[in-house]
Number of protein chains: 2
Amino acid sequence: MSLADDIRAKGRRMTVQRRLVLDALERARHHTTAEEIARRIRARYPQIDPSTVYRNLEVLEELGYVTHTHLDDRVTRWFRADAERHGHLVCRRCGAEQEIDFQVLAPLARRLREEHGFRADLAHSAVVGICRQCAAVSSG
Amino acid sequence: MSLADDIRAKGRRMTVQRRLVLDALERARHHTTAEEIARRIRARYPQIDPSTVYRNLEVLEELGYVTHTHLDDRVTRWFRADAERHGHLVCRRCGAEQEIDFQVLAPLARRLREEHGFRADLAHSAVVGICRQCAAVSSG
DNA sequence: TTACCTGCAAACTGTTTGCCGCTGT
DNA sequence: ACAGCGGCAAACAGTTTGCAGGTAA
């Protein structure tokens, strides 16, 4: 069963716009913003409205294909739900993003679950801090 | 040396508005938003403009008295820099916020520092997931 | 045929900025 | 006296919504 069939089975349609949004998420290596997706799509297909991108991200999330999170700014970041789970380190100084193996986060997830009954989704939120380079600069 | 003196020593002034913002942060138990602070101040002193609150939060952060973070939405959260360090669990389903002891997060912070040279600020970002209650509901 | 979906324009929220007169030091 | 500061109004970025016509199934 293709993704398109899957979408149809859920009472939705596979439109050109929806496909383009999915493809854009596919191509984006890391978390992207709706505006970035819209920008890339519109570079080639300028007829497509940004609001369509927002609406598609919303239904794709509802259907379980994508999810979103917030890094250290006010912008919503989107990515495929089936992406390999990994954590994010974001430097609050230089803004650099770095991926880390999910295994590093697993012990915390386990503890939160055992001690607080909380199903943490550590792959979704970024860990904010100061990266090695910036730390080196500020400490001399 | 009082906080006012400290501020003056840094070439800034202690104005009524600045004091009100500091007091509002003092009274707020948890992280608050600039709008919430403005709302509370304006309930009693309606002359004070929201933009003044934003500007004050900015300089107070620059001076090191307050910091901000982002939970699971697009809104900036502010709190006193000297507040006791603690983590936040935010439920993406019901929105409930829960504080956790910083000790729970410490091992991860240590590992990120040792393995990635990254100075994580785990007290700043919230951990997103599903809380015990919501998990109970969805699993039957 | 009929929901679902789209483009367009306009609204909306949280935040920032320019201007200019005021005020703490 | 003179930088820092505040109030006001307007701009701004990111996002959402209402509408009316278009399109997948």
Side-chain angles (χ1 to χ4, degrees), chain A residues 1-22 24 31-42 44-63 65-66 68-78 95, chain B residues 1-24 31-42 44-63 65-78 95:
Chain A
M1 199 181 194
S2 75
L3 201 160
D5 289 335
D6 197 42
I7 283 179
R8 281 188 278 267
K10 290 170 176 163
R12 299 298 189 139
R13 296 172 189 170
M14 179 54 96
T15 63
V16 174
Q17 291 85 343
R18 189 154 291 164
R19 183 90 257 171
L20 285 168
V21 170
L22 281 163
H31 298 187
T32 18
T33 67
E35 294 212 315
E36 170 73 6
I37 293 169
R39 209 175 52 69
R40 284 180 191 257
I41 291 177
R42 283 162 62 80
R44 208 181 274 268
Y45 313 93
Q47 315 81 6
I48 289 169
D49 196 79
S51 68
T52 299
V53 173
Y54 283 99
R55 281 196 266 232
N56 270 301
L57 287 170
E58 198 184 333
V59 341
L60 289 172
E61 179 169 56
E62 186 192 319
L63 297 180
Y65 302 118
V66 313
H68 78 266
T69 186
H70 299 269
L71 300 189
D72 200 37
D73 54 21
R74 309 201 302 114
V75 183
T76 308
R77 309 289 175 136
W78 299 87
Chain B
M1 200 180 193
S2 74
L3 199 161
D5 288 336
D6 197 42
I7 283 180
R8 281 188 278 267
K10 289 170 176 163
R12 298 302 187 132
R13 295 173 190 170
M14 179 54 95
T15 64
V16 173
Q17 291 84 343
R18 190 153 291 163
R19 181 90 258 170
L20 285 169
V21 171
L22 282 164
D23 288 349
H31 298 187
T32 18
T33 67
E35 294 211 316
E36 170 73 6
I37 293 169
R39 209 174 52 71
R40 285 179 189 257
I41 291 177
R42 283 162 63 80
R44 208 181 274 270
Y45 312 94
Q47 314 82 7
I48 289 170
D49 197 80
S51 69
T52 299
V53 172
Y54 282 99
R55 280 198 265 234
N56 270 300
L57 287 169
E58 198 183 334
V59 341
L60 290 172
E61 179 168 56
E62 186 191 320
L63 297 180
Y65 302 117
V66 312
T67 30
H68 77 266
T69 185
H70 299 269
L71 300 189
D72 199 37
D73 55 19
R74 310 200 298 117
V75 182
T76 307
R77 311 288 175 137
W78 300 87

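Everything quoted here is computed from the prediction, not taken from an experiment.
Atom CZ in B:Arg39 sits about 15 Å away from atom P in C:dT13, given to the nearest Å. Remark: C1' of C:dA3 and CZ of A:Arg8 are 15 Å apart, rounded to the nearest angstrom. Taking atom CG on B:Leu57 and atom C1' on C:dT16, their separation rounds to 13 Å, with Å as the unit. Following rounding to the nearest Å, B:Lys10 (NZ) and D:dG4 (P) show an atom-to-atom distance of 16 Å. Counting to the nearest Å, the P atom of D:dC5 and the CD1 atom of B:Ile7 are 9 Å from each other. Straight-line distance from the CD1 atom of A:Ile48 to the P atom of C:dC8: 10 Å, rounded to whole Å. In this structure, NE2 of A:His70 is placed 9 Å from P of D:dT15, rounded to the nearest angstrom. When rounded to the nearest whole Å, the span between CZ of B:Arg74 and C1' of D:dA13 equals 8 Å.
Between C:dA9, D:dG7, C:dT6, one nucleotide has an atom nearer to the side chain of A:Arg55 than all others, and that is C:dT6. If you check C:dT6, D:dT15, C:dG14 against the side chain of A:Ala34, the one that comes closest is D:dT15.
Using a 4.0 Å heavy-atom criterion, one finds that B:Gln47 contacts the sugar-phosphate atoms exclusively.
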Stepwise side chain to side chain contact (heavy atoms under 4.5 Å, CB included) test for B:Val75 and A:Arg74: CA-CA 6 Å; B:Val75 182; A:Arg74 309 201 302 114; over 6 Å; no
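Within a 6.0 Å radius of CZ in A:Arg40, other residues, nucleotides and ligands contribute 12 heavy atoms or fewer.
Take B:Arg13 and apply the salt bridge (Lys or Arg N to Asp or Glu O under 4.0 Å) test, not counting sequence neighbours, and it matches no residue.
Of the residues near DNA chain D, B:Gly11 and A:Arg13, the one whose nearest nucleotide (by heavy atom distance) lies more toward the 5' end is B:Gly11. Remark on DNA chain C: of its neighbouring residues B:Arg12 and B:Asp49, the 5'-side contact belongs to B:Asp49, judged by nearest-heavy-atom nucleotide.
For A:Arg42 against A:Ile48, the heavy-atom pair with the smallest separation is NH1-O, 2.7 Å. Taking all atoms of both residues into account, the shortest heavy-atom contact from B:Trp78 to B:Val66 is CE3-CG2, 3.9 Å. Of all the heavy atoms in A:Arg77 and A:Asp73, the pair that sits closest is NH2-OD2, 2.9 Å.
Of the residues in residues 14-21 of chain B, those placing a heavy atom less than 4.0 Å from an atom of DNA chain D are B:Thr15, B:Gln17, B:Arg18, in numerical order.
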Validation: residues 52-60 of chain A side-chain donor-acceptor distances under 3.5 Å, sequence neighbours left out:
residue	atom	partner	partner atom	Å
A:Asn56	OD1	A:Arg18	NE	2.6
A:Asn56	OD1	A:Arg18	NH2	3.2
A:Asn56	ND2	A:Thr52	O	3.1

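For D:dT15, the OP1/OP2 oxygens have a side-chain nitrogen or oxygen of A:Tyr54 closer than 4.0 Å. Put simply, A:Ser51 has no side-chain N or O that comes within less than 4.0 Å of OP1 or OP2 on D:dT16.
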